[in-house]
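What follows is a set of notes on a single structure, which appears directly below.
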Amino acid sequence: MRTPPYSSFPIVSNENITLRNITSADMPALIEISFYDAVKATTVEIAEEMQNKINQDYITGNSIHWGIAENSTNNIVGTCGYYRGFENNGGELGCILLSESQGKGYMTQALSLAIDYGLQEIGLDRIWAVTNRDNHRAVQLLERLNFKKINNTQLEDHDVEYELRKLDLID
């Protein structure tokens, strides 16, 4: 496996979006979706502190956190990435969109790019995501991206885990 940090922060894109590093100029727009250890930011300063912790997690090889930028404006519409380390050739994928950016296909594209990066560049064999079972949009997104629901008895009752295995993608 080839885990972070890398000699340069990876930028991944398609014709509509780019997964890129988050800058301090992006922070005012991201307060709504800035979280660290399930704590939500309430000010730009707190969001910047959280982003600094996320950047440190990248430096220590435990995560990679991209801003999802719309190519036509370079504005961040959300974030996605791999969090909590890369044990056993696996990575946990997480994501969130700004409310005004939902329903436009950004997350499907972003996660597709992140999945490809995880499988091809990092060398992951397993990618998983945990969401609230009542988050129907997230469940539909994961299923659309070929994730399969698995039974994880260690989760809270309201959570559900989905996984994508590299072996399942090989025909």
Side-chain angles (χ1 to χ4, degrees), residues 2-86 91-122 124 127-132 134-147 162 164:
R2 198 173 146 257
T3 59
Y6 307 108
S7 57
S8 61
F9 190 88
I11 298 171
V12 188
S13 63
N14 66 18
E15 61 279 354
N16 298 315
I17 62 165
T18 298
L19 303 185
R20 65 167 175 81
N21 203 2
I22 295 171
T23 68
S24 58
D26 299 318
M27 297 315 298
L30 291 178
I31 294 172
E32 171 190 338
I33 60 171
S34 291
F35 291 86
Y36 191 86
D37 284 341
V39 176
K40 185 181 182 313
T42 54
T43 66
V44 172
E45 293 77 19
I46 294 172
E48 287 175 345
E49 288 174 17
M50 290 176 172
Q51 186 60 45
N52 288 337
K53 290 178 183 178
I54 291 167
N55 292 343
Q56 187 60 41
D57 289 342
Y58 169 79
I59 290 168
T60 59
N62 290 313
S63 75
I64 182 163
H65 180 75
W66 288 286
I68 305 165
E70 183 182 41
N71 287 345
S72 64
T73 63
N74 196 35
N75 291 333
I76 298 288
V77 298
T79 63
C80 71
Y82 293 98
Y83 306 101
R84 290 182 258 295
F86 297 96
E92 180 181 2
L93 191 58
C95 60
I96 190 165
L97 276 176
L98 292 168
S99 55
E100 66 268 15
S101 300
Q102 295 176 4
K104 298 180 180 179
Y106 294 129
M107 196 55 75
T108 300
Q109 294 176 65
L111 290 188
S112 293
L113 290 170
I115 290 165
D116 286 345
Y117 189 88
L119 295 172
Q120 304 302 321
E121 302 301 325
I122 299 173
L124 299 175
I127 299 170
W128 75 93
V130 175
T131 190
N132 184 299
D134 295 328
N135 187 343
H136 301 292
R137 293 178 87 176
V139 167
Q140 288 173 342
L141 171 64
L142 292 169
E143 289 175 350
R144 186 169 49 250
L145 292 168
N146 297 314
F147 280 72
Y162 282 79
L164 181 69

What is the distance from atom [atom1] of [X] to atom [atom2] of [Y], rounded to the nearest 0.5 Å?
X	Y	atom1	atom2	value
C95	W66	SG	CH2	12.5 Å
N21	N55	CG	CG	6.0 Å
D57	I64	CG	CD1	12.0 Å
I17	K104	CD1	NZ	13.5 Å
Y117	L19	OH	CG	10.5 Å
Y6	R2	OH	CZ	5.5 Å

Heavy-atom closest pair, residues [X] and [Y]:
X	Y	answer
L113	S13	CD2-O, 3.8 Å
S112	L145	OG-CD2, 3.4 Å
C80	L111	CB-CD2, 4.0 Å

[X] vs [Y] side-chain heavy atoms within contact, under 4.5 Å:
X	Y	result
R20	I68	no
R144	T108	yes
S99	E32	yes
F147	I127	yes
S24	E48	yes
L97	I33	no
P4	F86	yes
L141	M107	yes

side-chain contact (heavy atoms from CB on, under 4.5 Å) between S34 and I46, worked out: CA-CA 9 Å; S34 291; I46 294 172; over 6 Å; no
Derivation of the side-chain contact (heavy atoms from CB on, under 4.5 Å) call for I22 and M27: CA-CA 8 Å; I22 295 171; M27 297 315 298; 3.8 Å; yes
Sequence-distant partners of T60, side-chain hydrogen bond (donor to acceptor under 3.5 Å, both in side chains), two or more places apart: N62
Non-neighbouring partners of S7 that pass side-chain hydrogen bond (donor to acceptor under 3.5 Å, both in side chains), sequence neighbours left out: none
Check: N14/Q109 side-chain N/O donor and acceptor closer than 3.5 Å: yes
Check: Y82/E92 side-chain N/O donor and acceptor closer than 3.5 Å: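 There is no such pair between these side chains.
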Pair I31-V44, side-chain contact (heavy atoms from CB on, under 4.5 Å): steps then yes or no: CA-CA 6 Å; I31 294 172; V44 172; 3.3 Å; yes
Does [X] use its side chain to pair, donor to acceptor, with the backbone of [Y] at less than 3.5 Å?
X	Y	result
N16	N71	no
N135	N132	no
T73	N75	yes

Electrostatic pair D37:R84 at N-O distance under 4.0 angstrom: no
Option passing side-chain contact (heavy atoms from CB on, under 4.5 Å) with L93 (candidates V130, L124, I115):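 Of the listed options, the one satisfying the test is I115.
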Of all pairs that satisfy ring-ring contact (aromatic ring centres under 6.0 Å, His included), the ones with a partner from residues 34-61, not counting sequence neighbours: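 For residues 34-61, and leaving out neighbouring residues, the ring-ring contact (aromatic ring centres under 6.0 Å, His included) pairs sorted by first residue read F9-Y58.
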